[in-house]
Amino acid sequence: MEETIAVYPGTFDPVTRGHLDVIHRGLIIFKRLIVAVVNNPKKHPVFSIPERVEMIQESTAGMPGELEVDSFDGLLVEYMRKRKANVVLRGLRAISDYEYELEMALTNRHLNEEVETIFLTPSEKYIYLRASTVREIASRNGDVSAFVTPNVEKRLIDFYR
Ligand code: ADP
């Protein structure tokens, strides 16, 4: 089989332990994994692209395997072409993710037949975890240590202080 390069795209505002669980599982399966922060100003992210990239780098330090953290603007399929990647990695939590993820996967396939999307499910601890909930809790001075790594927790505290 040709070398499989996977891209895990997302907003990662900020990276959570759920995302990290998917990254960890992805690294076991794929030869190379690129975690790519999508520049999507429509989502009005709290953290800048460089901050999000840095938080992922810090949170994944020490994970075994070939991992790169990057960011991109524009269409995912174009980015995949540029990076010679053939697999999109996405996380599937509850059934509520399914419709959106299916639509994205089929749209990307329409744009480039050679790109396959593969879904991984995290540990059940993280099934209901989403970045927006983490931001919400942190903004009300709640404890988010079970949901994010200490470096991300610190950034959230500094941001909402
Ligand atoms: P997007 O804005 O593209 O949905 P996110 O950063 O929210 O970006 O999520 C990126 C990917 O990670 C998506 O496939 C999403 O379903 C998945 N994901 C988010 N949170 C979790 C989690 N707790 N467990 C597993 N996958 C997750």
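Atoms within a ligand are numbered from 1 in the order they appear, just like the ligands themselves. Atom set for the values below is all heavy atoms of this structure, side chains included, hydrogens, waters and symmetry mates excluded.
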First locate atom CG of Asn141, then atom OH of Tyr160, and finally report the distance between them rounded to the nearest 0.5 Å.
-> 11.0 Å
Do Phe47 and Phe72 share a hydrophobic cluster, counting only Ile, Leu, Val, Met, Phe, Trp and Tyr and linking them when any side-chain heavy atoms are less than 4.5 Å apart?
-> no
Within a strict 4.5 Å, meaning less than it, do heavy atoms of the Ile29 and Leu120 side chains meet?
-> yes
Gap separating the CZ atom of Arg155 from the CZ atom of Arg52, nearest 0.5 angstrom = 12.0 Å
Identify, by atom number and element, the atoms of ligand 1 in contact range of Val22, meaning under 4.0 Å from any of its heavy atoms.
-> 25 (C), 26 (N)
Backbone or side-chain N or O of Arg90 under 3.5 Å from ligand 1 N or O | yes
What is the nearest protein non-hydrogen atom to atom 8 (O) of ligand 1, stated with its residue, atom name and distance?
-> Thr11 N, 3.1 Å
Min side-chain heavy-atom separation Asp97-Phe119 under 4.5 Å | no
Proximity of Arg130 to ligand 1 by residue part, where a heavy atom lies under 4.0 Å | neither
Relative to the heavy atoms of Glu101, which atoms of ligand 1 are at a distance of less than 4.0 Å?
-> 13 (C), 14 (O), 16 (O)
Note: ligand 1 atoms sitting under 4.0 Å from heavy atoms of Phe12 are 6 (O)
Looking at side-chain heavy atoms only, is the closest gap between Ile5 and Arg83 below 4.5 Å?
-> no
Does Tyr100 reach ligand 1 with a nitrogen or oxygen that is under 3.5 Å from one of the ligand's nitrogen or oxygen atoms?
-> no
When rounded to the nearest 0.5 angstrom, what is the spacing between CD1 in Ile23 and CZ in Phe30?
-> 12.5 Å
What's the shortest distance from atom 16 (O) of ligand 1 to any protein heavy atom, and which residue and atom give it?
-> Gly91 O, 2.7 Å
What are the atoms of ligand 1, with element, lying closer than 4.0 Å to any heavy atom of Asp97?
-> 16 (O)
Hey, is ligand 1 close enough to Asp13 that some N/O pair sits below 3.5 Å?
-> no
Can you tell me if Pro9 has a non-hydrogen atom under 4.0 Å from ligand 1?
-> yes
Gap separating the CZ atom of Arg135 from the CZ atom of Arg130, nearest 0.5 angstrom | 10.5 Å
Per-atom filter on ligand 1: closer than 4.0 angstrom to a heavy atom of Gly10 are 3 (O), 6 (O), 8 (O), 10 (C)
What is the distance from atom CE of Met55 to atom CZ of Phe12, rounded to the nearest 0.5 Å?
-> 11.5 Å
For atom 2 (O) of ligand 1, which protein heavy atom lies nearest, and how many Å away is it?
-> Lys43 NZ, 2.3 Å
Quick one: do Glu3 and Arg32 make a salt bridge, cutoff under 4.0 Å?
-> no
Could you list the atoms of ligand 1 found under 4.0 angstrom from a heavy atom of Gly18?
-> 22 (C), 23 (N), 24 (N), 25 (C)
Near Pro122, which atoms of ligand 1 are under 4.0 Å from a heavy atom of that residue?
-> 24 (N), 25 (C)
Does Phe119 have a heavy atom less than 4.0 Å from any atom of ligand 1?
-> no
Side-chain heavy atoms under 4.5 angstrom apart, residues restricted to Ile, Leu, Val, Met, Phe, Trp, Tyr: same cluster for Val87 and Tyr8?
-> yes
Protein heavy-atom partner closest to atom 12 (O) of ligand 1 - residue, atom, separation in Å | Tyr8 OH, 2.7 Å
Where does Arg93 meet ligand 1, judged by heavy-atom distances below 4.0 Å: at the side chain, the backbone, both, or neither?
-> side chain
Mind checking whether Arg17 has a heavy atom under 4.0 Å from ligand 1?
-> no
So which heavy atom in the protein is nearest atom 7 (O) of ligand 1, and how far is it from that ligand atom?
-> His19 NE2, 4.1 Å
Asp73 side, atom CG; Ile49 side, atom CD1 - distance, nearest 0.5 Å = 7.0 Å
What atoms of ligand 1 come closer than 4.0 angstrom to any heavy atom of Leu129?
-> 20 (N), 21 (C), 22 (C), 23 (N)
Can you name the one residue among Arg17, Arg25, His24 that meets side-chain hydrogen bond (donor to acceptor under 3.5 Å, both in side chains) with Asp21?
-> Arg25
